[in-house]
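To keep things clear, I will list the structure first and then write my remarks on it.
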Amino acid sequence: MKLNLGCGQNKLPGYLNVDKYDTCEPDQVADLEVIPWPFADASADEIVMTHVLEHLGRETETFLGIIKELYRVLKPGGQLQIRVPHPRSDGFLGDPTHVRPVSPTIMSLFSKRNNRDWKEKGWPNTPLGLYLDVDFEILNTNFVLMPRWMQKYQAGTMTVDELGEAMELYNNVVDEIHMVLAKVAA
Ligand SMILES: C[S@@+](CC[C@H](N)C(=O)[O-])C[C@H]1O[C@@H](n2cnc3c(N)ncnc32)[C@H](O)[C@@H]1O
């Protein structure tokens, strides 16, 4: 099974398209903030969440419950494809139903390998993988630049380092973040 959670109007062929609202005519209506989800353990080869995760879990416990459900429902090695607006973009700030930022830094907390590494180094990052008994590795991260910054970069007027600095310093440099994560088997 492949799941497209929070499908909205963009249903994907070959996926079980799920949404809270039946007005968008999903294959299955489900509220992803209600746990447990109506899917069996290790039943999904792939889960797609496109512009959805930032809408879920205003309460931290709810968000952490959703991460645990993603881990439970994915098969070992199964992939989680996340697309979110960059937390420092007008796309993120301009929607009242966006309730939390989602970033590679946040998702990296759900890796037991990272948690153990940070413990050895004495870093204070919250070891959420170990606390929740979930384990996700980020396989790939792609930052989709806003057109103005993409043009600057493509014109060769700035280096990769300068672009990285701009991403740290300014708003509206990155429009979207794409992440691919894999469930690490227990
Ligand atoms: C910004 S839209 C994105 C829709 C679609 N994935 C796309 O790429 O066009 C967010 C979707 O998440 C759904 N959603 C928000 N909260 C939800 C929840 N608690 N349970 C299930 N779906 C939810 C909304 O109904 C909406 O269809």
Side-chain angles (χ1 to χ4, degrees), residues 1-75 78-110 128 131-132 134 136 138-150 167 171-183:
M1 176 175 70
K2 295 196 285 186
L3 291 170
N4 179 21
L5 300 181
C7 61
Q9 311 292 341
N10 284 318
K11 293 187 262 307
L12 298 175
Y15 288 71
L16 182 69
N17 296 286
V18 177
D19 205 282
K20 181 178 173 176
Y21 295 105
D22 60 6
T23 36
C24 62
E25 300 181 337
D27 302 317
Q28 186 167 340
V29 173
D31 183 344
L32 299 169
E33 291 190 319
V34 175
I35 286 160
W37 290 353
F39 312 115
D41 295 2
S43 58
D45 298 286
E46 184 188 333
I47 299 178
V48 169
M49 300 183 89
T50 301
H51 286 254
V52 175
L53 212 40
E54 72 277 14
H55 295 263
L56 302 177
R58 182 188 297 275
E59 299 300 325
T60 301
E61 283 311 312
T62 306
F63 184 73
L64 298 182
I66 287 166
I67 296 292
K68 287 172 77 170
E69 284 300 274
L70 288 167
Y71 189 76
R72 180 183 68 75
V73 168
L74 271 175
K75 290 180 182 173
Q79 292 198 355
L80 171 60
Q81 313 259 0
I82 297 173
R83 291 184 180 208
V84 286
H86 191 282
R88 289 193 304 277
S89 69
D90 287 351
F92 176 72
L93 296 171
D95 185 335
T97 67
H98 290 166
V99 299
R100 63 170 48 252
V102 177
S103 68
T105 305
I106 288 169
M107 297 312 294
S108 72
L109 299 175
F110 301 108
L128 288 174
Y131 286 175
L132 304 180
V134 301
F136 288 100
I138 300 178
L139 302 181
N140 189 40
T141 304
N142 186 21
F143 295 100
V144 180
L145 298 176
M146 294 282 188
R148 178 185 301 157
W149 289 90
M150 179 60 95
M167 284 165 60
N171 295 329
N172 291 313
V173 177
V174 177
D175 186 8
E176 265 191 345
I177 308 174
H178 300 181
M179 287 174 267
V180 182
L181 292 85
K183 170 178 172 170

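Atoms within each ligand, like the ligands themselves, are counted from 1 in listed order. From a predicted model like this one, the values you see are computed outputs, not experimental measurements.
Of all atoms in ligand 1, listed by their number and element, those nearer than 4.0 Å to a heavy atom of H51 are 1 (C), 2 (S), 3 (C), 10 (C). Ligand-side atoms of ligand 1 in range of Y21: 25 (O), range being under 4.0 angstrom from any heavy atom. Listed by number with element, the atoms of ligand 1 under 4.0 Å from a non-hydrogen atom of L56 are 16 (N), 17 (C), 18 (C), 19 (N).
Among D31, D19, I66, the residue whose heavy atom lies nearest to atom 25 (O) of ligand 1 is D19.
Between the side chains of H51 and E176, a donor-acceptor pair is found at a separation under 3.5 Å.
An N or O contact shorter than 3.5 Å links N10 to ligand 1 by distance. In terms of polar-atom proximity, defined here as any N/O pair under 3.5 Å, T50 does make such a contact with ligand 1. Not one N or O of C24 is nearer than 3.5 Å to an N or O of ligand 1, by distance alone. For the pair V52 and ligand 1, the shortest N or O to N or O distance does not fall below 3.5 Å.
Ranking protein heavy atoms by distance to atom 23 (C) of ligand 1, first place goes to K20 CB, 3.8 Å. Of the protein's non-hydrogen atoms, H55 CB, 4.1 Å is the one closest to atom 15 (C) of ligand 1.
Within a 6.0 Å sphere centred on CD of E25, other residues, nucleotides and ligands contribute 12 heavy atoms or fewer.
Using a cutoff of 4.0 Å between basic side-chain nitrogens and carboxylate oxygens, K2 and D45 are not scored as salt-bridged.
A cation-pi geometry, defined here as NZ or CZ lying under 6.0 Å from the six-membered ring centre and within 45° of its normal, holds between R100 and F63.
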